[in-house]
Structure formats: structure tokens, C-alpha cells
J.: 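Okay, handing you the structure first.
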Amino acid sequence: MYTPSGKSDKNDLLVQHAPLVKRLAHQMKAKLPPSVEVDDLIQAGMIGLFDAINRYEDTHGAQFETYAVQRIRGSMLDELRSSDWLPRSMRQNMRKIEVAMQALQQKLGRAPLEAEVARHMKLSLAEYQNLLGEGGGHQLVYYEDFHDSSEGNEHFLDRYCTDLSDNPLQALLNAGFRDAVIRAIEALPEREKILMGLYYEQEMNLKEIGAVLGVTESRISQLHSQAIARMRAFLREKTWTGVA
């Protein structure tokens, strides 16, 4: 592991932590659409690992693996961002779902049912569920969420992020965004709340969650997309009404 001068051997570190890159790539792939190739994530992750090895010092103050994980994931996210893995048209469709959910939530005073959202959007239930399925990989926060104010309203992230010059995600966490997300999860219908717990806390994959809930993997993907849309709609509504 160390050269005669006492420094870690870079080749040894690269070989030793290559399995870590593969594990992180497969974990990330499980949360992304089928169009994303795991080999592309692994390749980007290896670049991140090599960068971590070149930058890391034994006196860095953190274990190398902890430091490397940050670099590897960051490199994978850069790859996803540059390849625009979720088409803009799909984000627009998911935004329409969010708007419908927000309007129905305000009208009904509760989380709307799937059939109600479909009817509001003038879609059949099957068409609405297909949109949800195609939106696999829809996220709670996108990079452009920190910059896009073209809709003429205060952006729902503006309330939480006061300094975009450094680390916007960290600014969100420091400013109470985590608490807002917890409230958004609590507002979900029970089955979707269970799904989110199994997915993010227990780190179960969609197939495993489907077995627990007694539905297909594709149905779990639909419900996950719907839960994310509900949470984004919740955060928008609470921001605009001054409740958040």
C-alpha cells in the first residue's frame, strides 16, 4: 500500500477501490431510467476515483474511502448532467403532473387520487400511469431548480437557498430544506410513504419493494415517480402560501 517514501501507492489504491466504483454505479443505476448505461457510470466513477487518489493526502483529515466516495459520486453526477439523461420533454410532463397535483390538493384539501389527477389532465388512467412510468428517474431537486425562475413565481427552492455561489445543496440542508422534505413525506398517501421509506431508508430496490407491497416492479416505478411529483408540488405550495 505504501512506497518506500511512505506514500500510498496509486495503483494499489485504484485496484483496491475499483469494486467500490462498481457498487456505487449499480446503486445509482437502480434509481435511473433504463436509458442510462451502468458502464458509463462506472467509467465516470473510475475517473472520479483516479482524481480522488491524485488529490488525497494522508493528512487530509478523513478516511480515503469516505473522500473517494464523494469524488466518485460527483463524477457520476457530472456524467449524468452532461448527457441530459432525463429528456427535457419528460421533465415538462412531470411538471404538468406537479401542477395538476398542486391544484387538486388546494381544491380537495387532501392528496388527490391517481384517477383524479388523470381526469384533471384530461388523460385516461392508463395514459397517466404511462407518463409516470416514463418519468422513472424524476428527482426531487434538479440543478436548474436553483436558477430557473422563468415561470414568473418565486421558485420553490428560493425560499431555502440563500447562497448559490458555494454549494447550493448544502445551503438547502443548512436552511431547513431537510425539515421541509420530511413534512412532504409525511403528507404522502400511506402506500407511497411506505415506498419512500423502503427505497431511501432501507435501500431496497424496486423489485424488492414490489414484492413487499404485492405489485410489479413497473408499478413501483410509477408510484415512486408519483411520490416525487407530490413532494415537489407540496414544497411549491407550502413555499407560495408561506407555510413552509
Side-chain angles (χ1 to χ4, degrees), residues 22-42 44 73 76-77 79-81 83-102 104-105 111-145 181-182 184-236:
K22 292 183 179 180
R23 177 164 56 84
L24 293 173
H26 282 281
Q27 287 177 352
M28 188 172 290
K29 174 66 179 76
K31 302 176 182 180
L32 297 170
S35 58
V36 178
E37 296 289 341
V38 70
D39 286 345
D40 292 338
L41 294 176
I42 292 173
R73 285 179 173 160
M76 290 178 184
L77 290 172
E79 169 65 19
L80 292 171
R81 192 175 295 121
S83 61
D84 192 19
W85 54 272
L86 192 64
R88 186 171 182 83
S89 61
M90 185 51 58
R91 296 189 195 184
Q92 291 171 341
N93 286 337
M94 294 304 297
R95 174 69 180 114
K96 291 176 183 177
I97 292 175
E98 293 168 25
V99 170
M101 286 180 168
Q102 186 177 342
L104 288 170
Q105 177 75 40
L113 304 174
E114 282 182 288
E116 293 170 331
V117 179
R119 187 161 53 248
H120 184 89
M121 297 180 68
K122 297 180 172 57
L123 299 172
S124 68
L125 182 58
E127 289 171 332
Y128 170 68
Q129 290 176 340
N130 283 338
L131 275 186
L132 292 175
E134 291 171 358
H138 188 48
Q139 299 178 43
L140 185 61
V141 177
Y142 289 103
Y143 181 78
E144 57 265 32
D145 283 334
V181 169
I182 290 173
I185 292 174
E186 288 299 315
L188 291 173
E190 190 61 28
R191 183 163 63 162
E192 291 174 27
K193 191 187 303 183
I194 293 172
L195 186 161
M196 298 297 277
L198 294 174
Y199 194 76
Y200 291 104
E201 294 179 15
Q202 303 301 320
E203 297 187 346
M204 297 173 66
N205 60 41
L206 300 184
K207 185 176 181 179
E208 291 169 337
I209 297 172
V212 171
L213 298 182
V215 296
T216 64
E217 181 177 348
S218 61
R219 179 60 177 151
I220 291 297
S221 179
Q222 293 172 357
L223 291 173
H224 180 262
S225 294
Q226 183 167 254
I228 293 295
R230 287 191 199 276
M231 292 174 65
R232 285 178 63 93
F234 178 94
L235 291 170
R236 290 175 187 276

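These values consider heavy atoms only, across backbone and side chains, with no hydrogens, waters or symmetry-generated copies.
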J.: Please tell me if the side chains of H224 and E192 come closer than 4.5 Å, counting only heavy atoms from C-beta onward.
T.: no
J.: Once you round to the nearest 0.5 Å, how far does CE of M121 lie from CG of L104?
T.: 10.0 Å
J.: I'd like to check M28 versus L77 (side-chain heavy atoms, cut-off strictly below 4.5 Å). Are they in contact?
T.: yes
J.: Rounded to the nearest 0.5 Å, what separates atom OG in S218 from atom CG in N130?
T.: 10.0 Å
J.: Are any of the side-chain heavy atoms of I97 and M101 separated by less than 4.5 Å?
T.: yes
J.: Which heavy atom of A111 sits nearest to which heavy atom of A187, and what is that distance?
T.: CB-O, 4.5 Å
J.: Please round to the nearest 0.5 Å and tell me the distance separating atom NZ of K22 and atom CG of D39.
T.: 9.0 Å
J.: So, R219 and E114, do they make that salt bridge, N to O below 4.0 Å?
T.: yes
J.: Got a sec: does the NZ of K193 have more than 12 other heavy atoms crowding it under 6.0 Å?
T.: yes
J.: Closest heavy-atom contact between H120 and A100?
T.: CD2-CB, 3.5 Å
J.: Hey, could you give me the CG/CG distance between L198 and L213, rounded to the nearest 0.5 Å?
T.: 6.0 Å
J.: Ignoring hydrogens, what is the shortest heavy-atom contact between L206 and S221? Give both atom names and the distance.
T.: CD1-CB, 4.1 Å
J.: Taking all heavy atoms of A25 and all of I42, pick out the closest pair and write down the distance.
T.: CB-CG1, 3.5 Å
J.: Looking at E98 and A229, what are the two nearest heavy atoms and their distance?
T.: CG-O, 3.7 Å
J.: Would you call R191 and V215 a side-chain contact if the rule is heavy atoms closer than 4.5 Å?
T.: yes
J.: Roughly how far, to the nearest 0.5 Å, is CG of L188 from CG of L223?
T.: 11.0 Å
J.: Decide yes or no for Q102 and V99: does some side-chain heavy atom of the first lie under 4.5 Å from some side-chain heavy atom of the second?
T.: no
J.: Could you measure the distance from the CE atom of M94 to the CD atom of Q226? Nearest 0.5 Å is fine.
T.: 8.5 Å
J.: Hey, are the side chains of P112 and R230 touching, using non-hydrogen atoms and a 4.5 Å cut-off?
T.: yes
J.: What residues form a salt bridge (Lys or Arg N to Asp or Glu O under 4.0 Å) with E116, not counting sequence neighbours?
T.: R110
J.: Looking at A126, is its backbone amide N or carbonyl O close enough to the side chain of Q129 to form a donor-acceptor pair, meaning the two atoms are under 3.5 Å apart?
T.: no
J.: Do the non-hydrogen side-chain atoms of K207 and I220 ever get within less than 4.5 Å of each other?
T.: no
J.: Is any side-chain heavy atom of E186 less than 4.5 Å from a side-chain heavy atom of F234?
T.: no
J.: Show the numbers, then the answer: is there a side chain to side chain contact (heavy atoms under 4.5 Å, CB included) between R232 and R95?
T.: CA-CA 9 Å; R232 285 178 63 93; R95 174 69 180 114; 5.6 Å; no
